[in-house]
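Written below as structure tokens is the structure these notes are about.
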Amino acid sequence: MDRLRPRERRLFSGFTKLEVEKMEKVLKESGEQALNPDFCKRLTGGFNRSSGRAGKPAIKWIEVQSWFQDRLQECTHKVSCPPNVSKELCVLPETFPSNKLHESSQMPEGDPDLSELEFEARSSKDGAWYDVDTFLTHRFLSSGELEVRVRFVGFGAEEDEWVNVKKAVRERSLPLEHSECHKVKVGDVVLCFQERRDQAIYYDAHVVEIQRKMHDIRGCRCLFLIRYDHDNTEERVHLRRLCCRPTC
């Protein structure tokens, strides 16, 4: 299954009125099937070949898919966590019995309300990071470690996973604007969008080298050499494929 994680909050502004009307109709007729990468690629190809796009920048299929994703998300709950999830997600109560397993749909009481924060979690299936739609429940393992069962944005119950809070849950990484390229430095840890023939997902990576270039009408043209943490492969990417950690 292709697992493209939505990142941008704002809708792509480069669509024409006719393209938007077409996508509105498609979404109404197809629903979540409109998120299928092959479907988006066919639709994007039609847009780029149309006379209405003559003289305008070509559209990427990811932009079409993001448009559908954003529209669908408007009809679902906002990305959130249970109201009583502690901000110090990785800190477990020292007095909690280490020899018990506890599962509950409610988190411990007395912690601050973090309903406005957004989170991402690392899937054990592919090691990539996905936006969390909902924290469904939690449990303490016999080791004393806390796990939460998460539902990822854009996926159904069949993709729910138990993940370790300390190792695989964190505040959501932030997409970078063209004007923010100066924030990225060599050595920074970033979340990089990796697009392959059979998948499009986000992995942690380190910035190895930066080629600063003049910006133009398309925005930032700088090139960033990144090294993926999961397999040590390197790739040169543009800023649009990078997200920064909230602390960077």
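What you see below is based on every heavy atom in this structure, not just the backbone, and it leaves out hydrogens, waters and symmetry mates. Sequential numbering from 1 along the given sequence is applied to the chain's residues.
Classification of Arg139 and Glu147 as a salt-bridged pair holds, one side-chain N sitting under 4.0 Å from a carboxylate O. For Glu180 and Lys183, the salt-bridge test passes: some basic side-chain N is under 4.0 Å from an acidic carboxylate O. With salt bridges taken as basic N to acidic carboxylate O contacts below 4.0 Å, none links Glu63 and Arg240. Taking the charged nitrogens against the carboxylate oxygens, Asp133 and Arg151 have no contact shorter than 4.0 Å, which rules out a salt bridge.
Rounded to the nearest 0.5 angstrom, Thr44 OG1 and Trp67 CH2 are separated by 12.5 Å. Between atom NE2 of residue His238 and atom SG of residue Cys181 there is a gap of 12.5 Å, rounded to the nearest 0.5 Å.
Two residues are said to be in side-chain contact when any heavy atoms from C-beta on lie closer than 4.5 Å; His215 and Cys222 meet this criterion. With contacts defined as side-chain heavy-atom distances shorter than 4.5 Å, the pair Leu239/Val184 qualifies. When side chains are defined from C-beta on, Leu18 counts as touching Glu21, because their heavy atoms get closer than 4.5 Å. Two residues are said to be in side-chain contact when any heavy atoms from C-beta on lie closer than 4.5 Å; Val64 and Met23 meet this criterion. Looking at heavy atoms from C-beta onward, Phe68 lies in side-chain contact with Leu43 at the 4.5 angstrom threshold. For the pair Tyr203 and Leu191, the minimum side-chain heavy-atom distance is 4.5 Å or more. Residues Ile201 and Glu195 form no side-chain contact, since every pair of their non-hydrogen atoms from C-beta on lies 4.5 Å or further apart. Considering only heavy atoms from C-beta on, Leu242 comes within 4.5 Å of Val237 through its side chain.
Within 6.0 Å of CD on Glu24 lie more than 12 heavy atoms contributed by other residues, nucleotides or ligands.
With sequence neighbours excluded, no residue satisfies side chain to side chain donor-acceptor pair (under 3.5 Å) with Asn48. Taking the side chain to side chain donor-acceptor pair (under 3.5 Å) definition, one finds that Arg236 meets it with Glu209, sequence neighbours left out.
Looking at His138, its side chain never comes within 3.5 Å of a backbone N or O of Leu146 through a donor-acceptor pair. Remark: side-chain polar atoms of Thr134 are not paired, donor with acceptor, to backbone N or O of Leu136 under 3.5 angstrom. At least one donor-acceptor pair under 3.5 Å links the side chain of Arg122 to the backbone N or O of Lys167. In terms of modelled atom types and a separation under 3.5 Å, the side chain of Thr16 and the main chain of Glu19 share a donor-acceptor contact. Counting only distance, with no hydrogens or angles, the side chain of Ser50 and the backbone of Phe47 share a donor-acceptor pair below 3.5 Å. Of the possible donor and acceptor atoms, none in the side chain of Asp188 sits under 3.5 Å from a partner among the backbone N and O of Val190.
For an aromatic pair to be called close, the ring centres must be under 6.0 Å apart, and Phe119 with Phe135 satisfies this.
Cation-pi check for Arg170 over Trp129 is met; the charged atom lies under 6.0 angstrom from the ring centroid and within 45 degrees of its normal.
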Please test Arg245 against Glu171 for salt bridge (Lys or Arg N to Asp or Glu O under 4.0 Å), starting from the C-alpha separation and ending with a verdict.
CA-CA 8 Å; Arg245 301 292 304 122; Glu171 193 173 344; over 6 Å; no
Going by atom type alone, with no hydrogens or angles, which donor-acceptor pairs under 3.5 Å involve a side-chain atom of residues 223-235 and a protein atom two or more places apart or on another chain?
unit_1: Arg227; atom_1: NE; unit_2: Glu234; atom_2: OE2; d: 3.0
unit_1: Arg227; atom_1: NH2; unit_2: Glu234; atom_2: OE2; d: 2.5
unit_1: Tyr228; atom_1: OH; unit_2: Glu235; atom_2: OE1; d: 2.8
unit_1: Asp229; atom_1: OD1; unit_2: His206; atom_2: ND1; d: 2.8
unit_1: Asp231; atom_1: OD1; unit_2: Thr233; atom_2: N; d: 3.1
unit_1: Asp231; atom_1: OD1; unit_2: Thr233; atom_2: OG1; d: 2.8
unit_1: Asp231; atom_1: OD2; unit_2: Thr233; atom_2: OG1; d: 3.4
unit_1: Glu235; atom_1: OE1; unit_2: Arg241; atom_2: NH2; d: 3.2
unit_1: Glu235; atom_1: OE2; unit_2: Arg241; atom_2: NH1; d: 3.3
unit_1: Glu235; atom_1: OE2; unit_2: Arg241; atom_2: NH2; d: 3.0

